[in-house]
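First listed ligand is number 1; within each ligand, the first listed atom is number 1. Computed over heavy atoms, backbone and side chain alike; hydrogens, waters and symmetry mates excluded.
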Amino acid sequence: MSRDPYPMWARLRAEAPVAYSPSLERYLVTRYADIVELEKTPEVFSSREEDSLLTRVVGHNMLREDNAPHHRIRSAAEPPTRPRQVRDIWSTAFATNCGRVLEDLAPRGRGDLIADFISPLVELNLAAVLGIGGVPRGTMTQWSAHMMAGNGNYADDQEIWARAKAATAEIDEYVRLAVDRVQGSADDSIISAMVHADDPLPLDEVQNNVKVIIGGGINEPLHVFGTGAWQALTDPALRARLVDDPALWRKVFEESARWISPIGLYPRQVLSEYEVAGIRLPAGSRVALVIGSGNRDSAVIQNADVFDIDREPVAHLAFGGGPHFCMGAWVARHQIGALAWPAVFDRLRGLRLVEGFEPEISGWVFRGLKSLPVEWEAVG
Ligand code: HEM
């Protein structure tokens, strides 16, 4: 299942599109149209899940809130991530960060595009957008991994809780310093936006929501990057078109996010009885919106199992929908689709996969390539 969940999703879509999973204690909703319907009905499908593991790890946060309490946090945090801000403010910082990472990498001639290129780049970019400084390389990725492990810690493993707690304590301290700094002088960052909002967020809310952003803002961009780079490295005709017209990378971004959705599913809780696809969902029950399946639903997307940047544009579900639509979508699109891919394929001459590369893709809640070992002509 973890290696290839798609046959199972296809079977569920065909035979039991709303299926109860006793082990997950929730209904799996796997068809595109049903997922969209549920996302358009937030008054029934609440994000405020009881006993949420995410809330246990990071504290009260925007992703597990509804209505006005959600809107309050989201509208305080969101402005620096809007398309215009990404274009006018962050694109220069992202390009500088990309140049720095590539300068270090270019003379080496060999490396892993995930661990050695996109991971440090996404860390630098996210630190800039958040407004936290001085975090050692690799640390944000570890924080994110420990928090996400806590978010999935249904087995109540005490070591996982301990690592998640240590990570969140470290983040709290970095955020406290950042809040002190921006209180004196506002800047363009998310932390500053939260502190200086019309309805300012207190320190603990800033800390909790920064944790959510670090939890979701590292792995998913890495995974989309890996999918698109792998496709370009294995399809010479696609690569030639991308060299010719780098604007096409933006299509690669949308298709990569659709084809292997980095987030396979996310939860909602049913507030009042509701019927979908002929199944009655009782009040108090839980659902998982399986967007990794909806994005492969051939009822809506032709040849959905094929990676094809020339397909009719589709409103894919990789960023979710409704009030919780991904806050970092434009940050991700720009840093990967407009900058990282074009830069790495341009700068690392003769870029190729190492001999015998076998893609290792796993996970059905979070899914993506684990590594992308490559070689290139080592020039400074
Ligand atoms: C390709 C990369 C990404 C993907 C596929 C992705 C996917 C998602 C999805 C599916 C959701 C909705 C979850 C739900 O409704 O329960 C979400 C929410 C969110 N994402 Fe992303 N994400 C990505 C990158 C980012 C980045 C870079 C950031 C930060 C800069 C970010 C910050 C957030 C936040 C804060 C939310 C919660 C929004 C809310 O509750 O209103 N994401 N993301």
Atoms in ligand 1 with a heavy atom of [X] nearer than 4.0 Å:
X      : value
Ala318 : 5 (C), 7 (C), 10 (C)
Leu126 : 30 (C)
Val224 : 1 (C)
Arg268 : 14 (C), 15 (O), 16 (O)

Using a strict threshold of under 4.0 Å (side-chain N to carboxylate O), is an ion pair present between [Y] and [X]?
X      : Y      : value
Glu360 : Arg3   : no
Asp245 : Arg241 : no
Glu25  : Arg286 : no
Arg26  : Glu49  : yes
Arg176 : Glu173 : yes
Glu255 : Arg258 : yes
Glu65  : Arg72  : no
Arg82  : Glu78  : yes
Arg110 : Glu375 : yes

Exercise for the section: Quick one: list whatever passes salt bridge (Lys or Arg N to Asp or Glu O under 4.0 Å) with Arg296, sequence neighbours left out. Expected result: Asp305
Handout entry: atom 37 (C) of ligand 1 - nearest protein heavy atom and its distance
Key = Leu63 CD1, 3.6 Å
Problem - Option whose closest heavy atom lies nearest to atom 12 (C) of ligand 1, chosen from His324, His223, Arg64, Glu49 - result: His324
Do any heavy atoms of [X] fall under 4.0 Å from ligand 1?
X      : answer
Ile336 : no
Ser261 : no
Glu78  : no
Ile213 : yes
Thr81  : no

Problem - Side-chain (Asp235) to main-chain (Leu238) donor-acceptor, under 3.5 angstrom - result: yes
Checking contacts here: is it the side chain or the backbone of [X] that comes within 4.0 Å of ligand 1, counting heavy atoms only? Could be both or neither.
X      : result
Arg74  : side chain
His70  : side chain
Pro323 : backbone
Arg258 : neither
Val129 : neither

Problem - Side chain to side chain, Glu170 and Thr139, heavy atoms closer than 4.5 Å - result: yes
Practice task
Assess the side chains of Asn219 and Ser144: does a donor N or O sit below 3.5 Å from an acceptor N or O?
Solution key: no
Practice task
Spell out, yes or no, whether Ile35 and Leu271 are grouped together once hydrophobic residues are joined by side-chain heavy atoms under 4.5 Å, including indirect joins.
Solution key: no
Problem - Atoms (protein N, O or S; no water) under 2.8 Å from atom 21 (Fe) of ligand 1 - result: 1
